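Keep in mind it's a predicted model, so treat the numbers as computed, not measured.
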Amino acid sequence: MKKWIYILWPSFLVACMMEMAVFSLIDPIDIPIFKQTVEFSHQALYSLAFFTFWFFSALSSWITLLLVKRL
């Protein structure tokens, strides 16, 4: 159980920082996806982006934990 805390908590904090950094510069509605404008609300796009950031941060933390165990 501790392993998941080591992975998810730091990745959550990184996802929060990434969300603030990215969306302080870019409006998610202005980002074209496949050359089309997005038809979602701001809240839906912020949520989708947050969980995407969190997933990739958690993946990075998990890989790091795997590499440390092998040393």
Trainee: Going by atom type alone, with no hydrogens or angles, which donor-acceptor pairs under 3.5 Å involve a side-chain atom of residues 8-29 and a protein atom two or more places apart or on another chain?
Mentor:
residue: S11; atom: OG; partner: I7; partner atom: O; Å: 2.9
residue: S11; atom: OG; partner: L8; partner atom: O; Å: 2.9
residue: S11; atom: OG; partner: W54; partner atom: NE1; Å: 3.1
residue: E19; atom: OE1; partner: F50; partner atom: N; Å: 3.2
residue: S24; atom: OG; partner: M20; partner atom: O; Å: 3.1
residue: S24; atom: OG; partner: A21; partner atom: O; Å: 3.0
residue: D27; atom: OD1; partner: H42; partner atom: NE2; Å: 2.9

Trainee: Quick one: do L66 and Y6 end up in the same hydrophobic cluster if we chain Ile, Leu, Val, Met, Phe, Trp and Tyr together by side-chain heavy atoms under 4.5 Å apart?
Mentor: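 Different clusters.
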Trainee: Treating Ile, Leu, Val, Met, Phe, Trp and Tyr as nodes and any side-chain heavy-atom pair under 4.5 angstrom as an edge, say whether W62 and I5 lie in one connected cluster.
Mentor: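 No: no chain of side-chain contacts under 4.5 Å links W62 to I5.
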Trainee: Looking at residues at least two apart in the chain, or sitting in another chain, which of them share a side chain to side chain donor-acceptor pair (under 3.5 Å) with S57?
Mentor: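 So S57 forms no side chain to side chain donor-acceptor pair (under 3.5 Å) with any residue.
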Trainee: Just verifying a value: how many Å separate L65 CG and W4 CH2, rounded to the nearest 0.5 Å?
Mentor: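 Nearest 0.5 Å value for the CG-CH2 distance: 9.5 Å.
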Trainee: Distance-only, no hydrogens or angles: does the S60 side chain make a donor-acceptor pair with backbone N or O of F56 under 3.5 Å?
Mentor: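 No: the side chain of S60 does not pair with the backbone of F56.
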